[in-house]
Amino acid sequence: MKAKTNAVIYTRQSVHREESISHELQIQACTAYAKSKDYEILRVETDPGISGLNLTKRKALARSLASIKKGDAEVLIVWRWSRLSRARQHQALLLSEVEESGGRVESALEPMDTSAAGKFGRDVLLAMAAFESEQKSETWRQAHERRAENKLPPLGHAKFGYMKTEEGYVPDPVTASLVKEGYRMYSSNIGFKKIAAFWTESGTKTMRGNHWDKDMVRKTMDNAFYVGKFAYKGELKDGKHESLLSIGEWATYQAKRKERAKLAPRTKASEWAFAGYVHCSRCGGAMVKNVSGKNVYLHCSRRRKGNGCEGVTGIMSQVNLSIWSWFGSHREEWAASMPSDDEAIIAADLAVVNAQAAKDAAQDRIEGLITRAVRFDLPDSEISGPLAEFRKELTEATEQLETAFAIQASYVPTRDVWETITRGTQDMSVEEWRGAVGKVLAGVLVLPNRKVLVVPRGESAKVW
């Protein structure tokens, strides 16, 4: 008796909609087809909610192909040929992989034999699937272009803090204030995790109805939509919606993001005020604490992990005392060097004016050079050097302007700074304190003789 031919049923549903064909209906049709051919169904593989243009995410398809390649199955059954793929290059690749392994692909609703005419019919149906996909993509591109021309984001997704209307987006009277408060919190060294808790406690969820977490908050707040812009083809365009932030507030947020990214990484002893700042002077590895008797010792983490460092040891209380003494010895110096409130405000405003003037001058030089090139028909080789230099000037001037806006928007009165230095960690979270420490402290080295070397921000220390 001849053994039955083994088959794998593969289904794909690109988008979950009422009018789309569900996996259940595809499986029913493929199962009936397999029975009519007297095939033995080895198993059913399903890729839910995945586009036919994306091969890397189609894990079920990869497993189905593996079964064919290993010889476990001879036939891959799909509902329609479009379920295989809608991209021409992918169609050819998948068919060749199956056929080179001695297998074949068959469609339950669009069966074709292996004759020349059958393969031609199959190729026509595959080409039609690709044409439909390309036509839809073209329609979407045109729709995106029209929206962008009308100063609307191309996809039209809902935005936290806004309500969608026929005209576009308008600030939501409830959630817009939460967005503004989120940026204020972050500029005050409060992290995304606490902002997520705040938004959740305020009775809100993400635009997909999920609970807030730090990653979703970060993704939301990194969106320039809140400063009146939207992304299109890799560039930021001016939108017609009302911004929730000023240019200065957005610049402050971006500056704070860069600043926090440079903070020393946390260690397991993260509740320690100086965790991540104290390092071994031999190898630069983080110092971690270990309790022994009445003392809390600091040890090189690399030595304890067997990474070859001889290591150093320090007593945590002595290290803390050395750092606090260093802070205390510089407190009067820092306070004395601070400008008065009036002087600081004038300086901040002047920095914005100067940076804007530098940016305008760089832009004028670029436009003037291009105008001369067009007027006198200058070759690209003649203007490429100066043009690159002027563009570099424009980039630097733009960065200086953003920094100036950030300083102007985040100005803190001298008295408040003095009180923060005097108060120390009192009434501050570890995260807030770490943000403050990072502004003046580059790191702390524990030396072999247990002495401590404090390195100010902007300086580097030799590790030996």
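What you see is a predicted model; the values in this text were computed from it and never measured.
Of the residues listed (Phe230, Trp250, Tyr232, Tyr169), the one engaging Phe225 in a ring-ring contact (aromatic ring centres under 6.0 Å, His included) is Tyr169, and it is the only one. A side-chain contact (heavy atoms from CB on, under 4.5 Å) with Thr46 holds for exactly one of Thr11, Leu61, Ile9; it is Thr11. Screening Trp199, Phe192, Phe198 for a ring-ring contact (aromatic ring centres under 6.0 Å, His included) with Trp212, the sole residue that qualifies is Trp199. Just one residue in the list Val8, Asn6, Thr31 forms a side-chain contact (heavy atoms from CB on, under 4.5 Å) with Ile41, and that residue is Thr31.
Side-chain N or O atoms of Arg12 include one that pairs as donor or acceptor with a backbone N or O of Arg83 at under 3.5 Å. Checked by atom type and distance alone, the side chain of Gln91 pairs as donor or acceptor with a backbone atom of Ser85 at under 3.5 Å. Proximity of a side-chain donor or acceptor of Lys159 to a complementary backbone N or O of Lys164 within less than 3.5 Å is not detected. In this structure, Ser67 contributes its side chain and Ala73 its backbone to no donor-acceptor pair below 3.5 Å. In this structure, Asn210 contributes its side chain and Thr206 its backbone to no donor-acceptor pair below 3.5 Å. A donor-acceptor pair is defined here as one N or O able to donate and one able to accept, closer than 3.5 Å; no such pair exists between the side chain of Trp79 and the backbone of Ala108.
Here the shortest heavy-atom pairing between Met163 and Pro173 reads CE-CD, 4.0 Å. Among all heavy-atom pairs drawn from Thr5 and Arg104, the shortest one is CG2-NH2, 4.4 Å. Residues Val179 and Gly161 share a closest heavy-atom pair of CG2-CA, 3.9 Å. The two residues Leu369 and Leu387 make their nearest non-hydrogen contact at CD2-N, 3.5 Å.
Residues Gln26 and Val78 form no side-chain contact, since every pair of their non-hydrogen atoms from C-beta on lies 4.5 Å or further apart.
Contact check on Lys119 versus Asp113 returns no salt bridge, with no Lys/Arg side-chain nitrogen under 4.0 Å from an Asp/Glu carboxylate oxygen. A salt bridge links Asp38 with Lys4: the distance from a Lys NZ or Arg NE/NH1/NH2 to an Asp or Glu carboxylate oxygen falls below 4.0 Å. Between Glu149 and Arg146 no salt bridge is recorded (no basic side-chain N to carboxylate O distance below 4.0 Å).
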Practice task
Run the numbers on Thr313 and Leu298 for side-chain contact (heavy atoms from CB on, under 4.5 Å), then give the verdict.
Solution key: CA-CA 6 Å; Thr313 302; Leu298 298 174; over 6 Å; no
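Legend: residues meeting side chain to side chain donor-acceptor pair (under 3.5 Å) with Lys237, ordered by chain and number and at least two apart, are Glu235. Shown here are the side chain to side chain donor-acceptor pair (under 3.5 Å) partners of Asp238, two or more places apart in sequence or in another chain: Lys229. Evaluation of the side chain to side chain donor-acceptor pair (under 3.5 Å) rule for Glu45 yields Arg43, Arg63 as partners, not counting sequence neighbours.
Within a 6.0 Å sphere centred on NZ of Lys256, other residues, nucleotides and ligands contribute more than 12 heavy atoms.
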